[in-house]
Amino acid sequence: MTRLATPRAHLRRGLAVPALALAATLVASPCALDAQTSFTPGGPDDPRIGLGAGWMDAEAASWNMEHLSFTPRPEGFYNPETPGDGRFSNTDLAFQDGLAYVGNYHGFNVYDITDPRNPILVASVECAGGQGDVSVYGNLVFMSAQETRGRLDCGDQGVEEAVSAERFRGVRIFDMSDFSNPVQVAAVQTCRGSHTHTLVEDLNDPETLYVYNSGTSVARSGEEMEGCANVRDPDDPTTSYWSIDVIRVPLAAPERAELIDSPRVFADLEEGTIAGLWTGGDHGEGTQTTRDTNQCHDITAYPEIGLAAGACSGNGILFDISNPAVPRRIHEVVDPNFAYWHSATFNNDGTTVIFTDEWGGGGQPRCLATDLPEWGANTLFTIEGGRMRHAGYYKLPAPQTDTENCVAHNGSLVPVPGRDIKVQAWYQGGVSVFDFTDPSNSYEIAFFDRGPLSTEQLFTGGYWSTYWHNGFIYGSEISRGFDVFELTPSEHLSANEIAAANLIHFDEFNPQHQPRVIWPPEFVVARAYFDQLERHQGLPASRLGEIAREMDRIDAMANGAGKRAALGELATSLWADARRISTGEVTGDDVRVRRLAGGLLDVATAM
């Protein structure tokens, strides 16, 4: 196997505080609304409306979440003259233990987030090439590069020649075992570069890691990379369009990473055509114009359930990835309101999937009061038997201005037991946390937003991605920096629900990869279930009072046979309540009653 590349990346350590960082002290403290403050999200009294503009001194508003810290981009990763220099845009995030990796079009930065109120920059790797989405696995960092200026040696001088052996477009792999000496151990070239990538474990082969690569740029010529063909003709079998890439990484020798296949996952197998899905155009009068399906933008893998969701320009696709080397399309959907299928998120059960629409490409103001609520939004589908069925939409409810790029973008689950909750980035629309437990009726429960970068000019900015990780929400702000938040109790989310979510700890977390969440048998999980039962009035108030008092009594007991027996007795009485509800003897919410009973029995069993 030929080693693809071994250049050293340019490392910056011990950076002086840049002039821009000094301006960070001017960032306006957010107007944090009291949990009891009454307003209508998206209504004329929404505090996000009318926020003052500014690059580092914009006004901000938050609701049901606390802004803990803001860290500006470090020296070498911004242009102090303008927020609109796309060569230095922050991109996606990845996490490992107490570290956050923040991608950037110029490379990536690593922060120690042991204290989320005070992130500390520990390494900056300069490696130009555009996109800069990152993932982390053990000592390895993976980074996407798609622009024609990208170089194998990570230099920022670009590549002028139309065909050059110095150009790099694909997935870089860095060995970060020594932060003082990061080494690019592999550079896997692809025909269309790498816009995003997805790490996929082989549950049957822990020594091998797969990378699904999504290239969205123009294909290069066969002169520059053998096997490539910049031919947009689905009847030409050599075309580099209408495919994704599969890269295999031997973890014991990552320098031997290689592109092993570019499967035609959009093919119509019966007709024998490689362009078998949406061919582009509108869906009829009053519908959106949707891009043709010749690429995936994001592929979100959920290895524990053997599925991946592909947001593939003109279609949402469900893949069987039980054999990760050979992803297999099993179902696809279209949406007449979608312009460009961008990213995807499963719920923890794998029974719902959210797809996002990046109408306008992320650089346009698509959250205006005059925009349709189904355009530039999330579309939600239920999944049953490998088939997707449309359920509803969710869009950021607060209208934005015409100088704020805004559309649905990247986010993750917030692991509250018994509920489906997602935190999501909306570029300059800010951060929105919403409940989609009922996918036909999603609603917002928390937010953070800053005013526009400018009232006179549209600069691309705002949040590229926001993810929940080990109790906190982290945001990559394209033109400002790195933010950390914490959810606060409210009528929509109780302290017990937040505490139950915070029981979940991931050693690693990557974009486009979902780990299964399993809550430990802790009493606070049962209390979270009780709060949900009470919020939805799943039993009469008098009965809820009895349960609450009994739970308090049991919780105060010492562990042992008596406590275990009391938990069993309460669970048994709750099962009886659920049976009466299910038979129609009384009204109530038997599903949530059973969930609470199960949570109590889990505690008893584990004792």
Side-chain angles (χ1 to χ4, degrees), residues 9-13 15 69-78 88-116 118-145 154 171-187 194-199 209 211 249 254 298 409-412 425 463-478 480-485 505-515:
H10 182 193
L11 178 76
R12 303 179 64 93
R13 293 180 60 84
L15 303 175
S69 65
F70 166 72
T71 306
R73 291 174 294 174
E75 182 184 356
F77 286 82
Y78 70 95
F88 303 103
S89 294
N90 272 353
T91 59
D92 225 334
L93 297 167
F95 303 89
Q96 184 180 67
D97 298 324
L99 299 172
Y101 294 76
V102 183
N104 186 285
Y105 271 58
H106 193 63
F108 62 91
N109 295 290
V110 187
Y111 294 91
D112 182 332
I113 53 172
T114 305
D115 178 2
N118 184 34
I120 298 172
L121 181 67
V122 294
S124 291
V125 177
E126 293 189 79
C127 189
Q131 200 61 24
D133 284 8
V134 290
S135 298
V136 59
Y137 195 93
N139 292 327
L140 303 177
V141 171
F142 298 75
M143 185 173 74
S144 290
C154 285
V171 179
R172 303 184 191 271
I173 305 177
F174 295 91
D175 184 337
M176 295 292 292
S177 54
D178 179 358
F179 271 24
S180 67
N181 186 34
V183 178
Q184 181 177 271
V185 296
S194 179
H195 193 73
T196 69
H197 65 268
T198 306
L199 302 189
L209 184 68
V211 182
V249 183
D298 281 26
H409 215 236
N410 299 342
S412 73
Y463 289 100
W464 183 285
S465 53
T466 54
Y467 300 123
W468 183 97
H469 180 66
N470 296 348
F472 300 92
I473 290 171
Y474 298 87
S476 174
E477 235 271 16
I478 294 171
R480 291 185 175 112
F482 178 54
D483 287 288
V484 186
F485 307 92
H505 179 91
F506 298 125
D507 293 333
E508 292 178 345
F509 183 85
N510 287 305
Q512 301 183 61
H513 181 282
Q514 284 193 230

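- Of all the heavy atoms in L99 and D112, the pair that sits closest is CD2-CA, 4.0 Å.
- Here the CD-NE2 distance, from Q131 to H195, works out to 4.0 Å after rounding to the nearest 0.5 Å.
- Taking the side chain as every heavy atom from C-beta outward, P511 and N410 never approach each other to under 4.5 Å.
- In this structure, CD1 in I113 is found 5.5 Å from CZ in F95, a value given to the nearest 0.5 Å.
- The side chain to side chain donor-acceptor pair (under 3.5 Å) test applied to S194 returns S144, N213, not counting sequence neighbours.
- For the residue pair D133/T196, the side-chain donor-acceptor check at 3.5 Å is not satisfied.
- Under the salt bridge (Lys or Arg N to Asp or Glu O under 4.0 Å) criterion, D483 pairs with R450, not counting sequence neighbours.
- Atom CG of N90 sits about 5.0 Å away from atom CG of N104, to the nearest 0.5 Å.
- The backbone N or O of W468 sits less than 3.5 Å from a side-chain atom of S412, completing a donor-acceptor pair.
- A ring pair (Phe, Tyr, Trp, His ring centres under 6.0 Å) with F509 is found for exactly one of Y467, F472, Y137, Y474, namely Y467.
- For the pair I173 and V141, the minimum side-chain heavy-atom distance is 4.5 Å or more.
- Ring orientation note: the planes of W464 and H409 are nearly perpendicular, at an angle over 60° on the 30°/60° scale.
- Applying the side chain to side chain donor-acceptor pair (under 3.5 Å) rule to Y111 yields no partners; only residues at least two apart in sequence or on another chain are considered.
- Using cut-offs of 30° and 60° for the angle between ring planes, the Y101 and F108 rings count as tilted.
- Between P515 and F506 there is a side-chain heavy-atom pair separated by less than 4.5 Å.
- Between L121 and T71, the closest side-chain pair of non-hydrogen atoms is not below 4.5 Å.
- Side-chain atoms of V134 and L93, non-hydrogen and from C-beta on, never get closer than 4.5 Å to each other.
- Between the S69 side chain and the P116 main chain, a donor and an acceptor come within less than 3.5 Å of each other.
- Taking CD of Q96 as the start and OG of S135 as the end, the distance is 11.5 Å to the nearest 0.5 Å.
- Of all the heavy atoms in F482 and A100, the pair that sits closest is CZ-CB, 3.8 Å.
- The backbone N or O of A94 lies less than 3.5 Å from no partner atom in the side chain of N510, so there is not a single donor-acceptor pair.
- T91 and S476 make their closest contact through O-OG, 2.5 Å (heavy atoms, listed as atom of the first residue, atom of the second, distance).
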Next on the checklist: side-chain contact (heavy atoms from CB on, under 4.5 Å), that's the test. Do L199 and V211 meet it? Break it down for me.
Outcome noted: CA-CA 5 Å; L199 302 189; V211 182; 3.8 Å; yes
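- Minimum heavy-atom separation, C127 to M143: O-CE, 3.7 Å.
- The CG atom of D298 lies 3.5 Å from the CD atom of Q512; values are rounded to the nearest 0.5 Å.
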(message) For a side-chain contact (heavy atoms from CB on, under 4.5 Å) check, start with the C-alpha distance between M176 and V125, then their side-chain angles and the critical distance, and finish with the verdict.
(response) CA-CA 10 Å; M176 295 292 292; V125 177; 4.3 Å; yes
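- With rounding to the nearest 0.5 Å, the separation of CD in Q184 from CG in D175 is 11.5 Å.
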